[in-house]
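For the numbers below, each heavy atom of this structure counts, side chains included, while hydrogens, waters and symmetry mates do not. All chains are named by letter (A, B, ...) in the order of the sequence lines, taking the proteins before the strands, and each is independently numbered beginning at 1.
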Protein chains: 2
Amino acid sequence: MTTEAPISLLIVDDHPVVRDGLRGMFASAPGFTVLGEAASGVEALERAAALDPDVILMDLRMPAGGGVAAIAELTRRRARAKVLVLTTYDTDSDTLPAIEAGATGYLLKDAPRDELFSAVRAAAQGRTVLSPAIASRLVSAVRAPRAPGNEPLSPREREVLGLVAKGTSNREIARELFISEATVKTHLTHLYAKLGAKDRAAAVAVAYERGILG
Amino acid sequence: MTTEAPISLLIVDDHPVVRDGLRGMFASAPGFTVLGEAASGVEALERAAALDPDVILMDLRMPAGGGVAAIAELTRRRARAKVLVLTTYDTDSDTLPAIEAGATGYLLKDAPRDELFSAVRAAAQGRTVLSPAIASRLVSAVRAPRAPGNEPLSPREREVLGLVAKGTSNREIARELFISEATVKTHLTHLYAKLGAKDRAAAVAVAYERGILG
DNA sequence: TCCGGCATCGGCCGATCGGTTGATGCGGGG
DNA sequence: CCCCGCATCAACCGATCGGCCGATGCCGGA
């Protein structure tokens with residue numbers, strides 16, 4: 001447990017407040033050095049190349065240059081830096097893409113300081129760190145080996161989805177299709193899982209992306 | 001008020017039950033003759049050409065051949081028949097399109113018999129008949145002379161919409177954008193109006209249709 | 001024959017949504 | 001200077017949603 005060379009960091013977040021908070025947090029803790037900051041994915045790539053940090057703390061969901069794309073690019077470049085995703089919500093739809101892209105860990109911003117520190121140390125060593133919520137999501141994703149979204153929808157599910165896209169409520173869909181509201185909800189639950197969507201709005205979006213609708 | 005020649009009808013609905021119900025209703029009432037039925041928009045066009053009815057009772061939302069398209073085609077052909085839309089819900093997103101396409105009236109299926117009869121008589125004379133709910137919607141649509149959907153979204157509204165399409169909840173959007181949940185709801189209400197959408201799912205669908213998303 | 005997908009249904013619950021009303025401040029165009 | 005669009009916020013409420021449990025029946029492939 002002796003103090004070795006400090007772990008060098010690059011902080012990537014579009015919110016200055018968050019960047020300052022992280023910088024301060026790591027500045028006051030021993031064993032870390034914040035090399036620099038970036039406010040977007042593209043900027044992160046530049047800074048990473050220039051500063052060569054051990055660990056990159058990266059937010060997803062940034063206006064200019066998505067975090068996932070940046071991670072993928074770092075992986076492609078075989079960058080030495082380990083990427084630790086630091087996001088706000090476990091509901092983030094980019095969770096799986098980020099990990100697929102090569103993120104070493106995935107933490108929620110509300111994680112306690114110590115957890116964050118140990119996560120960074122773990123990431124520096126190449127070990128994977130996941131928030132409990134993320135972890136449980138991952139296992140279920142792994143348990144279903146299919147690509148999380150390529151599962152085909154059943155005819156009935158497509159029918160329900162089409163009505164959803166028109167703004168039809170569950171009750172209306174039920175009457176429209178001569179089935180009960182419970183059945184509509186069942187179809188919805190199933191197609192949420194198949195599409196990897198969190199709610200009806202996201203389901204519609206995914207459906208359009210995949211060409212199922214429109 | 002003397003009984004003239006009976007009003008001839010064509011019934012268009014994909015549900016046999018509904019067709020039977022309407023047929024029986026008009027068969028037992030004096031002054032009406034049901035010439036035939038159709039189960040889709042395309043079939044309606046054929047039958048209308050062959051039977052030359054005075055009034056067409058048309059459901060929207062049919063699997064094969066949408067009702068709105070059929071109405072538009074009848075209008076284009078300068079068909080003699082008046083189209084009376086008979087739909088199930090006033091929330092139907094096709095309300096305005098149907099009227100624009102040339103529908104003479106728009107009734108809800110739960111209208112009382114007598115209201116239906118007088119509506120058909122009115123339609124036969126070319127008079128417009130609207131359900132109260134539809135009527136109120138129309139005035140608000142007219143009050144806003146712009147095309148009901150071409151209103152551009154403000155930058156903030158697009159931002160909110162983008163997050164909605166990712167399945168983000170209002171509360172999450174609020175934190176993400178550093179605003180209150182109330183403000184998020186305000187933006188949503190506004191963009192629903194601008195897009196002519198009933199809820200977030202429909203808003204996402206419209207946005208994809210218009211190329212605002214995707 | 002048994003398993004799995006599909007479609008159907010029920011009940012319960014907390015969380016979320018959408019509508020309503022009303023208000024403030026800012027900036028630009030008439 | 002006033003009006004309007006935009007962005008911000010509040011409080012309330014009923015309706016709706018989504019998750020969770022479980023259950024039945026049909027059919028087709030292994």
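We find that CD1 of I179(B) is positioned 14 Å from C1' of dA10(D), with the value rounded to whole Å. Here dA7(D) presents its P atom at 8 Å from CZ of R156(B), a figure rounded to the nearest Å. As a whole-Å value, the separation of K185(A) NZ from dG14(C) P is 14 Å. Computed from coordinates, the L161(B) CG to dC17(C) P distance equals 14 Å when rounded to whole Å. Going from atom NE2 of H190(B) over to atom P of dG19(C) covers 11 Å, rounded to whole Å. Here the C1' atom of nucleotide dG18(C) and the NZ atom of K198(B) are 9 Å apart, to the nearest Å. Taking atom CG of residue L188(B) and atom P of nucleotide dG18(C), one finds them 6 Å apart after rounding to whole Å. Between the CD1 atom of I173(A) and the P atom of dA7(C) there is a distance of 15 Å, given to the nearest Å.
Remark: T183(A) is not in phosphate contact with dT8(C), judged by side-chain N or O atoms under 4.0 Å from OP1 or OP2. OP1 or OP2 of dC6(D) has not a single side-chain nitrogen or oxygen of H187(B) nearer than 4.0 Å. Regarding contacts with the backbone of dG5(D), every side-chain N or O of K194(B) stays at 4.0 angstrom or more from both OP1 and OP2. Put simply, R171(B) has no side-chain N or O that comes within less than 4.0 Å of OP1 or OP2 on dA15(C). A sub-4.0 Å separation between OP1 or OP2 of dC17(C) and a side-chain N or O of R200(A) is absent. The phosphate of dT20(C) (OP1 or OP2) has no side-chain N or O of T189(B) nearer than 4.0 angstrom. Proximity of N170(A) to the phosphate of dC17(D): a side-chain N or O atom is located under 4.0 Å from OP1 or OP2.
Between the E172(A) side chain and the T168(A) main chain, no donor and acceptor come within less than 3.5 Å of each other. Not one N or O on the side chain of E157(A) forms a donor-acceptor pair closer than 3.5 Å with the backbone of L153(A).
Map D199(A) and F178(B) each onto its nearest nucleotide of DNA chain D; the residue landing nearer the 5' end is F178(B). When the nearest nucleotides of DNA chain D are assigned to E181(A) and T186(A) by heavy-atom distance, the more 5′-ward of the two goes with E181(A).
Between the side chains of T183(B) and S180(B), at least one donor N or O sits under 3.5 Å from an acceptor N or O.
Interatomic distance, E181(B) CD to L188(B) CG, rounded to the nearest 0.5 Å: 10.0 Å.
Between F26(A) and F117(A), the ring planes lie perpendicular to each other; the angle is over 60°, past the 30° to 60° tilted range.
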